[in-house]
2 protein chains.
Amino acid sequence: MAAAMASLPGFRSAQEIHAELRRQGEAVGLTTVYRHLQVLSEQGVIDTIRDPSGESLYRQCGSTAHHHHLTCRQCGRSVEVEGRVVEQWAEKVAAEAGFTAVDHTVELFGLCPDHSG
Amino acid sequence: MAAAMASLPGFRSAQEIHAELRRQGEAVGLTTVYRHLQVLSEQGVIDTIRDPSGESLYRQCGSTAHHHHLTCRQCGRSVEVEGRVVEQWAEKVAAEAGFTAVDHTVELFGLCPDHSG
DNA sequence: ACTGGAAATAGAAACGGTTATCATTAACGT
DNA sequence: ACGTTAATGATAACCGTTTCTATTTCCAGT
Ligand SMILES: [Mn+2]
Ligand SMILES: [Mn+2]
Ligand SMILES: [Zn+2]
Ligand SMILES: [Zn+2]
């Protein structure tokens, strides 16, 4: 399962991952896929984002450090990006407003070069 | 409906808004609330965000220009923030990766001063 | 006022992704 | 082998949201 995840190049939904595993002959249930994804996510092995429709997408990233993603709406292909300026901006905004325990969600969605045509 | 929205100080779910309207004696159905929220959202009158659980939250903001929000997890109270640096960062990242039609989601969630205790 | 067609409304049912349940099966240590 | 524990997966439940559709409300034209 974790092995199968590592081979996927982009963000995929639980159902897509399930279908892919079945296609490869692995007789796994959708429940187990969700369960493994949750564990892997808690362990920090995989990242989870939500697409504009609200569906969760999963991917094993190269970096284990804090980062964000630029993801293709069409194929899920994703670029890992980091931005010190964004982190600093978030901290500054939070401090100025007197908010505590502030967390941020930063996601970029677009069309990758292959799907820009 | 739009009038009722204007009086709410923070982000609220459709169901909370519906409950509030009923509390005020307005005999409106949940379907109608969703319908109006969708129209108002398309018109740009109200903003929509998604809380960490995926539920949609709605609010009428003071500014009609592009901005983001720092929202209290506890009470929905929200501060409108803008960040040129974030916009520029997003554009730069997109350009470097060769992505087009890039849109960004930037949300900050924390605890407002009243709920930081 | 009356009327007829268009728009708005609201309850119920459907939808879709996710989670909980629980009986069955596999894995493990002794 | 045996008993215990953990993992699995089919099914049902969950929950916010959308669709369906019958009914009600509007409103212009007469
Ligand atoms: Mn960050
Ligand atoms: Mn922005
Ligand atoms: Zn693509
Ligand atoms: Zn608060």
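Values below: all heavy atoms of this structure, side chains included; hydrogens, waters and symmetry mates excluded. Chain letters run A, B, ... following the sequence lines, proteins first and then strands; every chain starts at 1.
Atom CG of A/Asp51 and atom P of C/dG16 are 14 Å apart (whole Å). Rounded to an integer number of Å, the gap from NE2 of B/His18 to P of C/dT9 is 13 Å. Protein atom CZ of A/Phe11 is 18 Å distant from nucleotide atom C1' of C/dG17, rounded to whole Å. If you take CD of B/Gln38 and C1' of D/dT19, they are 12 Å apart, rounded to a whole angstrom. If you take CD of A/Glu55 and C1' of C/dC15, they are 13 Å apart, rounded to a whole angstrom. The CG atom of B/Leu21 sits 14 Å away from the C1' atom of C/dT9 (whole-angstrom rounding).
Between B/His36 and C/dT9 there is a side-chain N or O to OP1 or OP2 distance below 4.0 Å. Under 4.0 angstrom from either OP1 or OP2 of C/dT18 there lies at least one side-chain N or O belonging to A/Tyr34.
In terms of position on DNA chain D, the residue among A/Leu30 and B/Ala14 whose nearest nucleotide sits closer to the 5' end is A/Leu30. Sequence order on DNA chain D of the closest nucleotides to A/Arg22 and B/Thr31 puts A/Arg22 first from the 5' end.
Taking 3.5 Å as the limit, the base of C/dG17 and the side chain of A/Arg50 contain no donor-acceptor pair of atoms between them. The base of C/dA10 sits within donor-acceptor range of the side chain of B/Arg35, with an N or O pair under 3.5 Å.
Ionic pairing of A/Glu96 and A/Lys92 is present here: one or more N-O contacts between side-chain nitrogen and carboxylate oxygen are shorter than 4.0 angstrom. With salt bridges taken as basic N to acidic carboxylate O contacts below 4.0 Å, none links A/Asp51 and A/Arg73.
The side chain to side chain donor-acceptor pair (under 3.5 Å) test with A/Asp47 is passed by exactly one of A/Gln60, A/Arg59, A/His67: A/His67.
Annotation: A/Glu87, atom CD; neighbour count of heavy atoms from other residues, nucleotides and ligands within 6.0 Å is above 12.
With D/dG9, D/dG16, C/dG11 as the candidates, the nucleotide lying closest to the side chain of B/Gln15 is D/dG16. Looking at the side chain of B/Ser56, the nearest of the listed nucleotides D/dG9, C/dT18, D/dT17 is D/dT17.
Both B/Val86 and B/Val79 are part of a single hydrophobic cluster, where members link through side-chain heavy atoms under 4.5 Å apart.
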